[in-house]
2 protein chains.
Amino acid sequence: MDQDRPAGPGLRDRFRAQVREETKQEALRQLADGGPAALSLNAIAKHLGVSGPALYRYFANRDSLLTELIIDAYHDLAAALDEARRRPPGGLRPLVRAYRAWAVAEPHRYRLLFRAPLPGYDAHAERLVEASRLAMRVVVDVVVEVARDFPPVLPAVRDDRLAAQLERWARRHDLTDVPTGAGLAATALWAWLHGLVSLEIEGNFASMGLDPAPLYDADPAGVVAALTA
Amino acid sequence: MDQDRPAGPGLRDRFRAQVREETKQEALRQLADGGPAALSLNAIAKHLGVSGPALYRYFANRDSLLTELIIDAYHDLAAALDEARRRPPGGLRPLVRAYRAWAVAEPHRYRLLFRAPLPGYDAHAERLVEASRLAMRVVVDVVVEVARDFPPVLPAVRDDRLAAQLERWARRHDLTDVPTGAGLAATALWAWLHGLVSLEIEGNFASMGLDPAPLYDADPAGVVAALTA
DNA sequence: AGCGTAAGTTATACCTTCTAACTAACGAAA
DNA sequence: TTTCGTTAGTTAGAAGGTATAACTTACGCT
């Protein structure tokens, strides 16, 4: 009789999860060499040893698969940043290093994060914004934490309109204890990092013969200060 | 007899140029709504009233058309920056404004600039790097010009390796009169701008309810200083 | 006036996404 | 244990994409 059946998901569900996972793995491989254009449900199916339309039992369509990959990537990045946050040498530098390291290690996934949803209404847009908030949340947390020990990193928000927007943003996401300066600092930090990382992984520095490493060594607090001046 | 034939390109060549131009126009339209994935030679041909394969007389393949659009975009951006440079209120601010304005006005073209050539060797890579240099050249020129009136904008290049790389880069591109600091400053400026612009046109600020305008108002010289510290 | 080249045509091979209709098999419940 | 619904797979096929091949028309230069 029902001896030690692990009351959780049944066999079927577990198999389903397994197939979905393998599909995503192969999708990432295709993405890595060939970019989003090269991602083909058909080819993945062939690789898994099933026939084309079979995969549509697992993903509604190509876009759906892509969306999941993006969300996974956001979660992964957020986790990487969070881990950097927990580790000893506090401050903003570990965050900077972790952000760059993640992007450089998986440029195809990083690129995915900034594929704007197609113009017009996109059914997946909400889920994507939701996922992106996770990563932003970590950045904000680190900024708040650092600001606790070293208040000057929190820039003054000179622009009133901007202050109001930041406040609304914080309220909307249960960040009521977060000062507007922290939101601004996090945003500035993000823009700086994204600029560097993006140029790096697209090869713009490489094509100039430059190693961008020194550019990441700038003092993050100083950068935030300058960017929000 | 050959009366006033404008010795330039013959009728045939002019027609050819015309068709190519119209093709690109339509391609840009498709790009604007639908992204690169939606660009279809077939559809363009139909729109021009010819049948599919006809366009292959004008563009070797889809990728070839895309590459030309990218190169055009680089030229256009370079021209926009150059115009900003020539206009009265000197300094870096007009450059910043022009960069943002161009990107925001044509986000689909701006995005094109940063589509990394596919992994592995890409036949078009050289032409693209060549075109991108044009835009970079303008930025460098402005920095050099500004530095003439206000030397402190030129950061000291602390890292020796970086200094050597910058020097090689300058030498390779006939920028022998350009101090390494200018190259570094231009790069930093570019990274900053790209970070902001990229997040703006991908809707990351909008999804937070933020108007990024104030972020562009930071003092460019200060930003350069902080980024290259 | 004629001829070579360029520009268009259709046909075709092969890829893609995705729907429809059908079948096999799993697993839970009678 | 046997039944029966759900699920996962199948093939067929529509619609559309890239790109090549082979053929035909017609432009425009000599």
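Chain identifiers are assigned alphabetically (A, B, ...) following the order of the sequence lines, protein sequences preceding nucleic acid strands; residue numbering begins at 1 within each chain. The figures here come from the full heavy-atom set of this structure, side chains too, leaving out hydrogens, waters and symmetry mates.
Between A/D76 and A/D72, the closest side-chain pair of non-hydrogen atoms is not below 4.5 Å.
Salt-bridge annotation for A/R127 and A/E130: absent, with no side-chain N of the basic residue lying under 4.0 Å from a carboxylate O of the acidic one. Comment: A/R29 does not engage A/D33 in a salt bridge, judged by the lack of any side-chain N to carboxylate O separation of less than 4.0 angstrom. Between B/D13 and B/R16 there is no salt bridge, since no side-chain N of the basic residue sits under 4.0 Å from a carboxylate O of the acidic one. A salt bridge does not link A/R86 with A/E83: every distance from a Lys NZ or Arg NE/NH1/NH2 to an Asp or Glu carboxylate oxygen is 4.0 Å or more.
Across the protein-nucleic acid pair, B/F15 atom CZ and C/dA7 atom C1' stand 8 Å apart, rounded to whole Å. In this entry the distance linking CG of A/D13 with P of D/dT6 reads 15 Å, nearest Å. Atom CG of A/L48 and atom P of D/dA8 are 15 Å apart (whole Å). Rounded to a whole Å, the CG atom of B/L55 is 15 Å from the C1' atom of C/dA6. Distance A/R16 CZ to D/dA8 C1': 9 Å, rounded to the nearest Å. Distance CD1 (A/I44) to P (C/dT16): 11 Å, rounded to an integer number of Å.
Side-chain contact annotation: A/Y216 with A/E200, donor-acceptor N/O pair under 3.5 Å present.
In this structure, B/R93 contributes its side chain and B/P220 its backbone to no donor-acceptor pair below 3.5 Å.
Applying the side chain to side chain contact (heavy atoms under 4.5 Å, CB included) test between A/L215 and each of B/D159, B/T187, B/L227 identifies B/T187 as the sole match.
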Is there any protein nitrogen or oxygen under 3.5 Å from a nitrogen or oxygen in nucleotides 17-21 of chain D, and what are the pairs?
residue, atom, partner, partner atom, Å
D/dT18, OP1, B/L41, N, 2.8
D/dT18, OP2, B/N42, N, 2.9
D/dA19, OP2, B/Y56, OH, 3.4
D/dA19, OP2, B/R62, N, 2.8

Quick one: what's the B/S/- string for nucleotides 22-27 of chain C, heavy-atom cutoff under 4.0 Å, read 5' to 3'? ----BS
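Distances were taken from every side-chain heavy atom of A/A54 (C-beta onward) to each of D/dA8, C/dT10, D/dT10; the shortest belongs to D/dT10.
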